[in-house]
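Structure first, then comments.
All figures in this text were calculated on a predicted structure; none of them were measured in a lab. Residue numbers start at 1 and run along the sequence shown.
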Amino acid sequence: MNINFTLIAQAIAFAILIWFTVKYVWPPLLSAIETRQKEIADGLAAAQEGKASLEVAAKKTTQQLNEAKQKASEIISQAEKRASEILEEAKHQAKTEGDRIILGAKAEIDQEVNRAKESLREQVSTLAIAGAEKILSKEIDKKAHSDMLSKLAKEL
């Protein structure tokens, strides 16, 4: 065998192998590589979009949290204001009710005082009449008269 022939045969076989590889093996490999590259690029783009949407969501969440805190503080201040209004209204109503009760009690006391005075007048008039009867029934004696008046005074 001749070395040149072997070398030429090997070169032809290698050329056929390269042609076969380029024609039938290389296109599916390139296609798979390109598909994989496209998938990786899409994944990276989706990750970037996800990161951007996460940042936007974080900003929205922070903004909504701040708004909620502000609304909560407004509600709390309104509740405190309403509570103070209710407290003032209750104080006013209690004062009005207290004044009304005091006026009623004073009127009742005045009525009791008037009843007591009337009762005392009746008793005094009864005693005065009784004293006058006793004075008139006895002799008009200064000493007896003054004793009777002192007894009458003690009874009053």
Side-chain angles (χ1 to χ4, degrees), residues 1-132 149-156:
M1 269 232 339
N2 190 351
I3 192 135
N4 284 336
F5 178 72
T6 307
L7 195 56
I8 291 176
Q10 285 180 355
I12 292 174
F14 187 69
I16 292 172
L17 179 66
I18 289 175
W19 173 80
F20 182 77
T21 303
V22 168
K23 181 87 173 167
Y24 295 104
V25 176
W26 196 257
L29 284 177
L30 279 179
S31 172
I33 289 172
E34 287 174 357
T35 304
R36 181 73 177 144
Q37 284 177 343
K38 186 175 186 258
E39 287 176 2
I40 290 172
D42 290 345
L44 289 175
Q48 287 295 333
E49 288 177 15
K51 186 177 179 183
S53 67
L54 179 65
E55 289 175 2
V56 168
K59 288 179 182 177
K60 276 187 178 180
T61 303
T62 304
Q63 182 182 5
Q64 288 176 347
L65 183 62
N66 289 338
E67 288 175 2
K69 284 180 182 179
Q70 184 180 8
K71 285 181 182 179
S73 65
E74 288 175 6
I75 290 171
I76 289 172
S77 68
Q78 288 175 353
E80 288 174 351
K81 182 180 177 183
R82 180 66 182 142
S84 67
E85 288 174 358
I86 290 172
L87 184 63
E88 289 299 320
E89 185 177 319
K91 283 180 183 178
H92 180 65
Q93 287 178 351
K95 180 156 177 55
T96 304
E97 183 69 18
D99 291 344
R100 187 185 60 78
I101 290 172
I102 288 172
L103 285 174
K106 285 182 179 179
E108 191 174 326
I109 289 170
D110 288 342
Q111 288 176 353
E112 288 295 321
V113 166
N114 288 337
R115 284 187 205 133
K117 285 180 180 178
E118 193 62 37
S119 174
L120 282 175
R121 282 187 191 129
E122 288 176 11
Q123 290 176 0
V124 167
S125 65
T126 305
L127 287 175
I129 291 173
L149 283 177
S150 65
K151 283 182 187 177
L152 183 63
K154 285 182 186 177
E155 287 180 16
L156 288 177

Salt bridge (Lys or Arg N to Asp or Glu O under 4.0 Å): pairs with one or both residues in residues 49-74, sequence neighbours excluded: none
When you compare the side chain of K95 with that of H92, does any pair of heavy atoms fall below 4.5 Å? no
Would you call R115 and E118 a salt bridge, taking side-chain N to carboxylate O under 4.0 Å as the test? no
Can you name the residues that form a side-chain contact (heavy atoms from CB on, under 4.5 Å) with I12, not counting sequence neighbours? I8, I16
Between CD1 on residue I75 and CZ on residue R82, distance to nearest 0.5 Å: 15.5 Å
Rounding to 0.5 Å, atoms CD (Q78) and OG (S73) come to a distance of 9.5 Å
Check ring pair (Phe, Tyr, Trp, His ring centres under 6.0 Å) between Y24 and all other residues, then give those that pass, not counting sequence neighbours. F20
If you round to the nearest 0.5 Å, how far is CD1 of I101 from CD of E108? 12.0 Å
Listed once per pair and sorted, the ring pair (Phe, Tyr, Trp, His ring centres under 6.0 Å) pairs that draw on residues 43-68, sequence neighbours left out: none
Apply side-chain contact (heavy atoms from CB on, under 4.5 Å) to I18 and list each qualifying residue two or more places apart in sequence or on a separate chain. F14, V22
Side-chain donor-acceptor pairs under 3.5 Å in residues 26-44, sequence neighbours left out?
{"residue": "T35", "atom": "OG1", "partner": "S31", "partner atom": "O", "Å": "2.7"}

